[in-house]
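Presented below is the structure to which this report refers.
The sequence lines fix the lettering, A, B, ..., with proteins before strands; numbering per chain opens at 1. Side chains are part of it too, since the values below use all heavy atoms of this structure and drop only hydrogens, waters and symmetry mates.
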Amino acid sequence: MADYNTMELMICSASRELEDGASVGVGTGAPCAAAMLAQKVGSPNLLILFEAGGAGPLVPEMPISVGDSRTTWKAVMASSMPEIMETACRGMLDYTFLGGAQIDMYGNLNSTMIGAEYQKPKVRFPGSGGANDFASFCWRMMVMTPQDPKRFTEKCSYITSPGWLTGGDSRAKSGLPLGAGPYKILTNMAVMDFEPESKRMRIIAINPGYSEKDVQDNCGFELLKAKKIVENHPPTKNELTILREQIDPYRYVIGR
Amino acid sequence: MEVLAQGIGEIFTDPDADKAREFFRKKSRKLQSKVMTVKEAVDKLVKDGDYISIGGFGVNRIPAAVLHEIVRQGRKNLGLSGHTATHDFQILSAGHCFNRVDVAYIIGLEARGLSPNARKYMESGKVKMTEWTNYTLSVRYKAACAGVSFHPIRNMMGTDTFKYSGAKMIQCPFTGTNYLLVPALFSDVGLVHVHEADIYGNCRTKGILMSDYDLSRSSKKLIVTCERIITNDEIRRDPTSTFIPYWCVDAVCEVPFGSYPGNMYGEYFSDEEHLKEWLKVEENPEEFKKFLDKNIYGCKDHYDYIERNGGMHKMLKLRKKEWLLLGARD
């Protein structure tokens, strides 16, 4: 069995979702590592966009901020937040990766607060930032996150960014742009998508070393299961070498 | 037009475009020098209770010198646009300078972690919040910029972000689709740091613009700090490069390394050591007080602050990082 950790596995899985010629809106950390890896492995023409304005960079090293100078290194354009977001509004942003303290069975995300009283939160988080924007406008929103039953919750304390809302056609009726929504959830244990009718989260692949039971035991709601659940591919030697030597040599992300 | 649903968040600024036009009608268009020190600019233009918008992106091209001065002069009860706010938010939280925030992104410093002090302040119940998103706040600037009182958007529906916002849902009269309308955001004072400006306030910058184009035009008063003052002849030689014109600007302050400890495109990278230290000392109130005395209250100005944190040697190291001669985390 290959020697890799769960963060490396998640980044490699995520990078394979980004096909050549597609566009992706990324933040710092693991999503950026996945986009950089995709660019260096199978998708040299992946268009990377950063919400602060960096457009089409050949990212030289992991940025610390989505607005720092690395996000425009050898870029095609140093633009603005309205420019990037309007590109997403018009329907030209294919993928994004988001995260949060909580996620529910419809892929709704909480990155704002925990507690009963909004004006006096028990725990306050940063808020939407650009997450609600990307979740609303990108065709396919993905989440890369460790799986535990507290994070994968029956009900988010607060919904910051839209998933499939209350399932079924609720998102289509809401006024959010049609056809966009959560696509895949990549965890240390499995890959999930959303069942097309109910829009409920569904297991489609299991990572090496885990079982369906592990996945369900570490989820706070009932997961649907695809007719055929496959075993997720482990990272290849090539992916790991590039990730470790070129993308994150100081292990800032993969060392977590 | 029927309002189908609306957020319960308070709208902290008046979206009335006619009232804003009355203000802008009286704003000077005279080509005159606006050069002053940061101390003078804050003293003259930022009053207790004002609503302010901060340019840049949290820790990139931020008006750090002005933010420190606001804390030093003890401004209180400010309103704040929390658009991509990270280290800028952390600085103003250190001085407990504000009591109401339009929230898009606050408390966090992206990959660096969360500010314990800013978090405590926001969990205290002393600060009123209304929720938005980064794009939504930039759209609110854009509406103000265009002299209209609202702008339609297609996000936030179905979420608590909408519930706690001040947005209103209507039906599009052309297509029947549901849209949200967000109110124009006219700030009392905008604060922006740029690469170059002339004495009148014509500004140039490099790299990404974040939301500064709209922010600078939607602010009733605008304080500009710049890495260097250039001649008006230079501005007129290359007018294509001007991104903020002089008639938007009320103060021009020359502050080399003015975004420090933030990143400045093509000039210097962020001082990660110092930012890490700041996050760390916030965990201990005693240490934090000493830290603020050293870095804000005990400083005469931004140069003094830089001197206390490694001076020119540090600045040259950050320049090497910016040019990738050193890694960002070296």
Side-chain angles (χ1 to χ4, degrees), chain A residues 27-29 50-54 60-73 78-83 85 89 108 110 112 117-133 135-137 156 158-162 165-166 170-171 173-177 250 252, chain B residues 56-61 82 84 86 103-112 114 119 122-125 128-129 131-136 138-139 142 154-161 164 169 177-180 206-214 263 265-266 269-270 272 322 324 327-329:
Chain A
T28 47
F50 289 93
E51 65 172 287
E61 66 171 351
M62 296 275 281
I64 298 177
S65 161
V66 294
D68 79 33
S69 302
R70 274 47 170 167
T71 65
T72 42
W73 182 257
S79 71
S80 64
M81 172 165 294
E83 175 72 34
M85 290 300 184
C89 291
N108 300 302
N110 177 14
T112 301
E117 203 184 330
Y118 168 77
Q119 293 290 355
K120 199 171 182 305
K122 192 165 154 243
V123 184
R124 176 72 214 198
F125 300 116
S128 161
N132 180 292
D133 308 320
S136 300
F137 302 130
C156 294
Y158 183 106
I159 295 176
T160 309
S161 304
L165 299 180
T166 53
S170 60
R171 179 164 170 140
K173 283 184 174 163
S174 70
L176 290 169
Y250 300 103
Y252 290 106
Chain B
F57 194 98
V59 73
N60 309 294
R61 199 164 56 69
T84 69
T86 70
V103 177
Y105 185 97
I106 57 168
I107 293 177
L109 276 87
E110 299 182 74
R112 303 173 190 88
L114 302 180
R119 189 172 195 175
M122 297 312 294
E123 290 169 358
S124 69
K128 284 197 278 187
M129 295 176 275
E131 214 73 20
W132 309 90
T133 74
N134 276 348
Y135 175 60
T136 310
S138 78
V139 165
K142 196 189 278 263
R154 295 196 72 189
N155 60 326
M156 305 209 303
M157 290 89 160
T159 64
D160 291 310
T161 307
Y164 292 101
M169 183 181 281
T177 305
N178 289 345
Y179 274 74
L180 294 185
K206 291 175 195 157
I208 54 175
L209 291 182
M210 298 86 165
S211 298
D212 287 3
Y213 183 96
D214 297 319
N263 176 211
Y265 183 88
F269 201 68
S270 46
E272 292 304 317
E322 177 63 9
L324 285 164
R329 295 158 176 93

Which answer fits A/Pro121, side chain, backbone, both or neither, if we ask what part of it has an atom under 4.5 Å from a heavy atom of chain B? both
Rounded to the nearest 0.5 angstrom, the CZ-OG distance for B/Phe57 and A/Ser65 is 5.5 Å
Taking the side chain as every heavy atom from C-beta outward, state whether B/Ile208 and A/Met81 have any pair of such atoms under 4.5 Å apart. no
Just how far is it from atom CG of B/Leu114 to atom CZ of A/Arg124, taken to the nearest 0.5 Å? 11.0 Å
What is the distance from atom NZ of A/Lys120 to atom CE of B/Met129, rounded to the nearest 0.5 Å? 10.5 Å
Rounded to the nearest 0.5 Å, what separates atom CD in B/Glu272 from atom CG in A/Asp68? 8.0 Å
What part of B/Arg112 gets closer than 4.5 Å to chain A, counting heavy atoms only: side chain, backbone, both or neither? side chain
Heavy atoms only: give me the nearest A/Ser174-B/Met157 pair and the separation to one decimal. O-CG, 3.4 Å
To check you understand the geometry: which heavy-atom pair defines the closest contact between B/Thr161 and A/Thr160, and what is its length? OG1-O, 2.7 Å
Residues B/Asn178, A/Lys173; criterion side chain to side chain contact (heavy atoms under 4.5 Å, CB included); working and verdict: CA-CA 8 Å; B/Asn178 289 345; A/Lys173 283 184 174 163; over 6 Å; no
Side chain, backbone, both or neither: which part of B/Asn60 has an atom under 4.5 Å from a heavy atom of chain A? side chain
Rounded to the nearest 0.5 Å, what separates atom CD in B/Glu131 from atom OG in A/Ser128? 8.0 Å
Between B/Ser138 and A/Pro82, which heavy-atom pair has the shortest distance, and what is it? OG-CG, 4.2 Å
Most heavy-atom pairs under 4.5 angstrom with chain B, which of A/Ser79, A/Gly27, A/Gly127, A/Gly29? A/Ser79
For B/Tyr213, I'd like to know if atom OH has over 12 heavy atoms of other residues, nucleotides or ligands within 6.0 Å. no
Side chain, backbone, both or neither: which part of A/Tyr252 has a non-hydrogen atom closer than 4.5 Å to chain B? side chain
Atom group of A/Arg70 that falls short of 4.5 Å from chain B, counting heavy atoms: side chain
Using non-hydrogen atoms and a 4.5 Å limit, figure out which bit of A/Tyr158 sits close to chain B: side chain, backbone, both or neither. both
Whether A/Phe137 and B/Tyr135 hold their rings parallel, tilted or perpendicular, with breakpoints at 30° and 60°: perpendicular
Counting only heavy atoms closer than 4.5 Å, note whether B/Thr133 contacts chain A via side chain, backbone, both or neither. both
Answer with side chain, backbone, both or neither: which region of A/Thr166 has an atom nearer than 4.5 Å to a non-hydrogen atom of chain B? neither
Checking side-chain polar atoms at under 3.5 Å, does A/Asp133 have a donor or acceptor matched by the opposite partner on B/Asn155? yes
Bottom line for A/Leu176: the part with an atom under 4.5 Å from chain B's heavy atoms is both
What closest approach, in Å, do A/Pro60 and B/Leu324 show between heavy atoms, and which atom pair accounts for it? CG-CD1, 3.9 Å
Whatever's closer than 4.5 Å to a heavy atom in chain A on B/Thr86 counts as neither
Considering only heavy atoms and a distance below 4.5 Å, find which of B/Lys206, B/Met156, B/Met169 pairs most often with chain A. B/Met156
Does B/Phe269 form a side chain to side chain contact (heavy atoms under 4.5 Å, CB included) with A/Ile64? I'd like the steps, not just the answer. CA-CA 10 Å; B/Phe269 201 68; A/Ile64 298 177; 3.9 Å; yes
Is B/Asp212 close to chain A through its backbone or its side chain, or both, or neither, when contacts mean heavy atoms under 4.5 Å? neither
Verdict with supporting geometry, B/Val139 and A/Met85, side chain to side chain contact (heavy atoms under 4.5 Å, CB included): CA-CA 10 Å; B/Val139 165; A/Met85 290 300 184; over 6 Å; no
Answer with side chain, backbone, both or neither: which region of A/Glu61 has an atom nearer than 4.5 Å to a non-hydrogen atom of chain B? side chain
What part of B/Tyr265 gets within 4.5 angstrom of chain A, counting heavy atoms only: side chain, backbone, both, or neither? both
A/Glu51 side, atom CD; B/Tyr105 side, atom OH - distance, nearest 0.5 Å: 9.5 Å
Contacting moiety of A/Thr112, where chain B heavy atoms sit under 4.5 Å: side chain
Who wins among A/Gly67, A/Gly54, A/Gly129 for the most heavy-atom pairs under 4.5 Å with chain B? A/Gly129
For the side chain of B/Glu110 and the backbone of A/Val66, is there at least one donor-acceptor N/O pair under 3.5 Å apart? yes
Check B/Leu209 against A/Ser80 and note the closest heavy-atom contact, atom names and distance. CB-CB, 4.0 Å
